[in-house]
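Report on the structure given below.
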Protein chains: 2
Amino acid sequence: MNGDLYNIGQAAKASGISAKMIRHYEEVGLLPAASRTFSNYRTYNHQDVHMLRFIRHSRDLGFSIKQIGDLLSLWRDKNRPSSKVKSLAADHIEMLNKKIEELNTMKSELSRLVSCCHGDDRPDCPILDSLSAD
Amino acid sequence: MNGDLYNIGQAAKASGISAKMIRHYEEVGLLPAASRTFSNYRTYNHQDVHMLRFIRHSRDLGFSIKQIGDLLSLWRDKNRPSSKVKSLAADHIEMLNKKIEELNTMKSELSRLVSCCHGDDRPDCPILDSLSAD
DNA sequence: TTTAGATCTTACCATCATGGTAAGGTCAAG
DNA sequence: CTTGACCTTACCATGATGGTAAGATCTAAA
């Protein structure tokens, strides 16, 4: 095998992104169209795999595909002001905080109800009572 | 208007669930098929709206449609053991905790990166550095 | 060299909860 | 009777991912 080239399966293994998703990212324009072998197989080089890993790390931090597109642009722009990256990341932290708060609200309320419920064989249940309250 | 009957828009307002979603819940079997007027409009009575509110409260606590189906069964079963409700709710709390933890992990890591980034006009950026690290 | 099995290609469908739109029927008030 | 608000169904879209099927291609072993 050409030491420099990966097919999609190898790129997937090397990057931690499934082949399925690599194709998807290409389709939605997050990735440029991969070059192809004569027999129409996609090929990737080290740089491509590097970019895939960038995407993977970004996904792991919860960035959306749209946001990752912006991050990639900034990454490629060697003259970006770091302030742009920082504010993009800060926005995302805001969104994470909002979601965390929502989930915490749910959790608190539900925990309260659960702690009120006997959880035995009798039918009385403050959880159902609360859900059916007006 | 018949003091006892709601059309779908009125049921939506009274329950806080959109007409769209009421139809959807019916389609996926969470709700029994609504009765219809002669002209094929869905009609709902007080009990139906009560059930819709139950669903609404359950959604507000983050239960899935599948879980709400189970909750509704327990609600209707006047002989349910409250333990069943409690364990269903406890399972959901577990899932909420898992999600919260995931988001918190993202948030911590990203916050760390953000705090390391100058956020000025220079291109050096620990956030991008970390995302592109091997 | 042939062949079997792994892997590639595209093109679909599904998830989950929700929103939107379009085309057409119905109802209520003026 | 008209107008506007509402209803009906039947689609499509979101966002990120997984699945499957049918067919082409590659690779390693027999």
Side-chain angles (χ1 to χ4, degrees), chain A residues 1-2 5-31 33-44 48 52 54-72 92 95-96 98-99 102-103 106, chain B residues 1-2 5-31 33-44 48 52 54-72 92 95-96 98-99 102-103 106:
Chain A
M1 174 192 324
N2 193 322
L5 292 182
Y6 303 72
N7 65 26
I8 201 171
Q10 294 160 338
K13 260 185 203 159
S15 66
I17 299 183
S18 71
K20 199 81 207 208
M21 289 312 296
I22 294 177
R23 293 192 194 96
H24 178 65
Y25 291 156
E26 178 181 324
E27 195 189 4
V28 300
L30 181 62
L31 295 172
S35 41
R36 303 284 185 130
T37 65
F38 182 72
S39 56
N40 206 35
Y41 281 22
R42 287 174 180 81
T43 59
Y44 301 89
D48 296 326
L52 287 172
F54 183 101
I55 293 172
R56 176 76 157 93
H57 291 151
S58 303
R59 287 294 302 137
D60 287 347
L61 290 176
F63 286 104
S64 70
I65 289 187
K66 166 81 179 57
Q67 286 173 310
I68 298 174
D70 296 343
L71 286 171
L72 282 173
H92 183 47
M95 171 178 295
L96 288 173
K98 211 175 285 180
K99 283 191 190 172
E102 284 178 15
L103 296 179
M106 292 176 185
Chain B
M1 172 193 326
N2 193 320
L5 291 182
Y6 303 73
N7 65 24
I8 199 168
Q10 293 160 337
K13 258 185 205 159
S15 66
I17 299 183
S18 70
K20 200 81 206 205
M21 289 310 299
I22 294 177
R23 293 192 194 98
H24 178 64
Y25 291 156
E26 177 180 326
E27 194 189 3
V28 300
L30 182 61
L31 295 172
S35 43
R36 305 283 186 131
T37 65
F38 182 72
S39 55
N40 207 33
Y41 281 22
R42 287 173 180 80
T43 59
Y44 301 89
D48 296 326
L52 287 172
F54 183 101
I55 293 173
R56 177 76 157 92
H57 291 152
S58 303
R59 288 292 304 138
D60 287 347
L61 290 176
F63 286 104
S64 68
I65 289 187
K66 165 79 178 59
Q67 286 173 313
I68 297 175
D70 295 343
L71 286 170
L72 282 173
H92 183 47
M95 171 176 295
L96 289 173
K98 211 175 283 181
K99 283 190 188 172
E102 282 178 16
L103 296 179
M106 293 177 185

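Sequence lines set the chain letters: A, B, ... in the order given, protein chains first and strands last, and positions in each chain run from 1. Small disclaimer: the values here were computed from a predicted structure and weren't measured.
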- Message: Base, sugar-phosphate or nothing for Phe63(B)? Non-hydrogen atoms, less than 4.0 Å.
- Response: nothing
- Message: Need one value for Arg23(A): base, sugar-phosphate or nothing, where a base atom within 4.0 Å counts as base even if backbone is also close, heavy atoms only.
- Response: base
- On DNA chain C, check which nucleotide each of Met21(B) and Lys13(A) is closest to and give me the residue with the more 5' one. Lys13(A)
- Measure the distance from CD on Gln67(B) to C1' on dC16(C) and round it to the nearest whole Å. 13 Å
- Write down the distance between OH (Tyr6(A)) and C1' (dT7(C)), rounded to a whole number of angstrom. 18 Å
- Task: Please identify each residue that fulfils ring-ring contact (aromatic ring centres under 6.0 Å, His included) with Tyr41(A), with sequence neighbours left out.
- Result: none
- Message: Expressed as a whole number of angstroms, how long is the span from Glu27(A):CD to dC13(C):C1'?
- Response: 14 Å
- Expected output: side-chain His92(A) to main-chain Gln67(A) donor-acceptor under 3.5 Å: no
- Query: Is a side-chain donor or acceptor of Arg56(B) paired with a backbone partner of Gly16(B) at a separation under 3.5 angstrom?
  - Reply: yes
- Task: Would you check if Leu71(A) and Phe54(A) make a side-chain contact, meaning some heavy-atom pair closer than 4.5 Å?
- Result: yes
- Please figure out whether Arg42(B) or Arg59(A) has its closest DNA chain D nucleotide nearer the 5' end. Arg42(B)
- Task: Answer whether the closest heavy-atom distance between the side chains of Lys99(A) and Leu96(A) falls below 4.5 Å.
- Result: no
- Could you verify whether a donor N or O on one side chain and an acceptor N or O on the other, from Thr43(A) and Thr37(A), lie under 3.5 Å apart? no
- Choose from dC6(D), dT7(C), dT10(C) the nucleotide whose nearest atom is closest to any side-chain atom of Asn7(B). dC6(D)
- Sugar-phosphate or base contact per nucleotide [nucleotides 23-30 of chain C; S, B, -; heavy atom under 4.0 Å]: --BBS---
- Message: Please tell me if Ser18(A) has a side-chain N or O lying less than 4.0 Å from either OP1 or OP2 of dT17(D).
- Response: no
